[in-house]
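Below is one structure, written out as structure tokens; comments come after it.
Just so we're clear, the structure is a prediction, and the values are computed from it rather than from any experiment. Chain A is the first sequence line, chain B the second, and so forth, proteins listed ahead of strands; every chain is numbered from 1.
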Protein chains: 2
Amino acid sequence: MARRKNDVPDDLDHRQSTIKDVAELAGVSLSTVSRVVAGNYPVAQSTRVRVQRAIRELNYVANTHARALGGGSTRTVGFIVNDVRGPAFAAAVHGVEQEAAQRGHICLVATTDGDPARELAAIQLMREQRAAAVFLIGGAWDSAAYRARMIDIARSLDAAKSRLVLCGRPSLGPGIPATVVEYDNEGGAYALSSYLISRGHRRILYVGGDPAFTTTTGRLAGFRRAMADMAVSVDESLFELDAEFSRASGYERVSDRLSGGRDFTAIFAETDVIAGGAMAAVYDAGLSVPDDVSIVGYDDIPLATDLRPSLTTVHVPYEELGRAAVRAALDRPVGRAERHQLLGTHVILRQSVGRPAIDR
Amino acid sequence: MARRKNDVPDDLDHRQSTIKDVAELAGVSLSTVSRVVAGNYPVAQSTRVRVQRAIRELNYVANTHARALGGGSTRTVGFIVNDVRGPAFAAAVHGVEQEAAQRGHICLVATTDGDPARELAAIQLMREQRAAAVFLIGGAWDSAAYRARMIDIARSLDAAKSRLVLCGRPSLGPGIPATVVEYDNEGGAYALSSYLISRGHRRILYVGGDPAFTTTTGRLAGFRRAMADMAVSVDESLFELDAEFSRASGYERVSDRLSGGRDFTAIFAETDVIAGGAMAAVYDAGLSVPDDVSIVGYDDIPLATDLRPSLTTVHVPYEELGRAAVRAALDRPVGRAERHQLLGTHVILRQSVGRPAIDR
DNA sequence: CGCTCAATAGAAAGCGTTGTCCGGAACCTA
DNA sequence: TAGGTTCCGGACAACGCTTTCTATTGAGCG
């Protein structure tokens, strides 16, 4: 609360000391202390030393809030993610954090659990904090309403000299003041599907999420394009969509399929985590990977190398995604061109793919 | 920068609007707007509506910094962790974040990569931000100097009406103003080791980190105590210490051992991640798990269920650790008793342990 | 020896809120 | 109808810092 003049602080020596305390102890003015701390103005050597001693003695720590209020910039960025426990997200978060820290920025985190309402609330909080940039990490549900709201947010942030940064989700359209760093969902899925087809697979079970989710949209499109390009007829019954991005979901979908008879030779799992569940389901059905069923994933998280057989998947540069996003947002030159980067993805061949059982 | 009176803002309509703009548009005073936003003082229905309309129209967002300066409390907590990508840490981070969000607090993150200097810098940043509490997550290097510095920090934070919270590391001693939420490293390791011994294992390879690291200290102590209690003689050559907590390190240590001949029947890996590497090394040496070598881990991260065979390990309630820490720090009653909680751990039996090969 | 100029330090306004103190209007009660 | 209440709304100091703007040196120089 605002303390009145005559209201004497009860615990003088156990208070957080302010710049004023330092100034008094050092026998200089507030301005001088401020300048010593900032180091942006000439201060005589002797004075500087005196002030620094006082700072150490009082254990003085500048108050960011006051600084932000008086000075201007915040040196704070915020990022918003579905769930920090997802290994792919975690890598992106790590990239953001490292790169931001290197620029002297500190990160605010918020998680949404995939709930757009919580996402909105989180953005609001970061706006209150006057974050220099707000990073939205991971795919999004693409609806007209959602997009409209995002555009609104992008404009608001821009007006506040902040920046909306979309990591791993598509652009909101030209002219919208947002920075976009995507990776190639469609291309990776195309390459991976092509590989599967080239190995002889024709009946491939696709296990993925909601097609309105941008990540699914891209990967699914790549899969379909590869099938079309290589003239493989697509059986629409071989799509298990609207799955969750979880091991349990992958296990369940594949178990259910398998209990109704095996009518596919390979599984395209939309994420490595789903692939892990799928692989367990295949084993539990008494089948082997890749002899009976081949499996591929997407993301190349650490799990992919720990699975047995190790998982053939698509490498996504999540950490670099985060780093690139920070660079684009914080190092942006005066001419604030809308940046749009597309990071490449590539297939990592491991041991979970073989020739179809039927061929052998 | 501080704008002088006569300095006219160049972009009036594209500025972040302030409470003053809202007040003018609604035709009321600043105080009234503040009260509508805070909702802590009676305001006539009609006035309130008018103000709310103005807020929406101007897209007004309160400035946390100003609020913190004028008002007092911050509704911000900070946490510091080695690496957000560690699944165990990630779970703890998730717990902290969820519980903090529920209390309307937002989280600041910083990572240290295990570097004490960076940890110090991070704490400094959180102090500048006037975080309501600072959570240190994960084990620590226990040296007298380090502890002394931590005690200093605990006192500083306490003086600033903040709070140091130690999650998963031991107390700094009685009378130090810090909150501690630990889990039982020693007990879990004791139970797990006992299980291994009860299955007939006598020669157990222990793969772990630096014994000065508190996590290692505890787990190692539990292991030794079990061996002693069950009268198994300990071969000091069967300790691979100072390993990193990584898959690569686990793989390398076990590979090296195996290349010199197999003189153990089981591996006690200090973390599940190390166990994953160890398991791969055993396989690559042409041996099987658990027929030739049994393996156990610690942490019960998701990987443990994905490994084949699935990993027998100790469950650590990381998420609850984070939640409990927030509760202890933020809901602390007026009587600020130093809290110290010890969360239980328990063995999870899976498939990576069998009888020693020699018995069969 | 008076002048200018650089180097350094101080005074004070302003940043956007909150909370306290006060005043005026409407509403009772006697 | 006079005197209290109760409700509401406004004025304003204070929060801790940055950043002009202004003042005081002492040195260099013609």
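For C/dG16, neither phosphate oxygen OP1 nor OP2 lies less than 4.0 angstrom from any side-chain nitrogen or oxygen of B/Thr18.
Side-chain atoms of A/Arg130 stay outside donor-acceptor range of the base of C/dG16, with no qualifying N/O pair under 3.5 Å. Judged by distance alone, with hydrogens and angles left aside, A/Thr47 brings no side-chain donor or acceptor close enough to the base of C/dA9 to form a pair under 3.5 Å. At a cut-off of 3.5 angstrom, the base of C/dA9 holds at least one donor-acceptor pair with the side chain of A/Tyr41.
In terms of position along DNA chain D, the nucleotide closest to B/Gln45 lies nearer the 5' end than the nucleotide closest to the other residue of the pair B/Gln45 and A/His65. If you find the closest nucleotide of DNA chain C to A/Thr32 and to B/Lys20, the one lying nearer the 5' end belongs to A/Thr32.
Across D/dC17, D/dT19, C/dT8, the shortest atom-to-atom separation from the side chain of A/Tyr60 is found for D/dC17. Across D/dC8, C/dG16, D/dT19, the shortest atom-to-atom separation from the side chain of A/Leu69 is found for C/dG16. Taking the side chain of A/Ala62 as heavy atoms from C-beta on, and the options D/dC17, D/dC21, C/dG16, the nearest nucleotide is D/dC17. The side chain of B/Arg35 lies closest to D/dG9, out of D/dG9, D/dG16, D/dT19.
Atom CG of B/Leu30 is separated from atom P of C/dG19 by 14 Å (rounded to the nearest Å). Per the geometry, CD belonging to A/Gln16 stands 15 Å off P belonging to D/dC15, to the nearest Å. Summarising the geometry, the separation between CZ on A/Arg67 and C1' on D/dC17 is reported as 8 Å, rounded to the nearest angstrom. Distance, A/Glu128 CD to C/dT18 C1': 15 Å, rounded to whole Å. Atoms CD (A/Gln129) and C1' (C/dT17) sit 14 Å apart, rounded to a whole Å. Atoms CZ (B/Arg75) and C1' (C/dT18) sit 15 Å apart, rounded to a whole Å. The CD1 atom of A/Ile55 sits 13 Å away from the C1' atom of D/dC17 (whole-angstrom rounding). Between the P atom of C/dG19 and the CD1 atom of B/Ile19 lies a distance of 11 Å, rounded to the nearest Å.
A/Glu97 and A/Arg323 are not joined by a salt bridge, as no carboxylate oxygen comes within less than 4.0 angstrom of a charged side-chain nitrogen. A salt bridge links A/Arg327 with A/Glu99: the distance from a Lys NZ or Arg NE/NH1/NH2 to an Asp or Glu carboxylate oxygen falls below 4.0 Å. Between B/Glu119 and B/Arg169 there is a salt bridge, since at least one side-chain N of the basic residue sits less than 4.0 Å from a carboxylate O of the acidic one.
Residues B/Val61 and A/Gln124 meet the side-chain proximity criterion, which asks for heavy atoms closer than 4.5 Å.
Side-chain contact check for B/Arg163 and B/Thr179: at least one donor-acceptor pair (N or O, by modelled atom type) lies under 3.5 Å.
Within 4.0 Å of A/Val33, counting heavy atoms only, lies no atom of the nucleic acid at all. Residue-level contact check: A/Ser31 touches the bases, meaning some heavy atom is under 4.0 Å from a base atom. Residue B/Asn40 is classed as a sugar-phosphate contact, given heavy-atom separations below 4.0 Å to backbone atoms only.
Here the side chain of B/His65 pairs no donor or acceptor atom with the backbone of B/Asn63 at under 3.5 angstrom.
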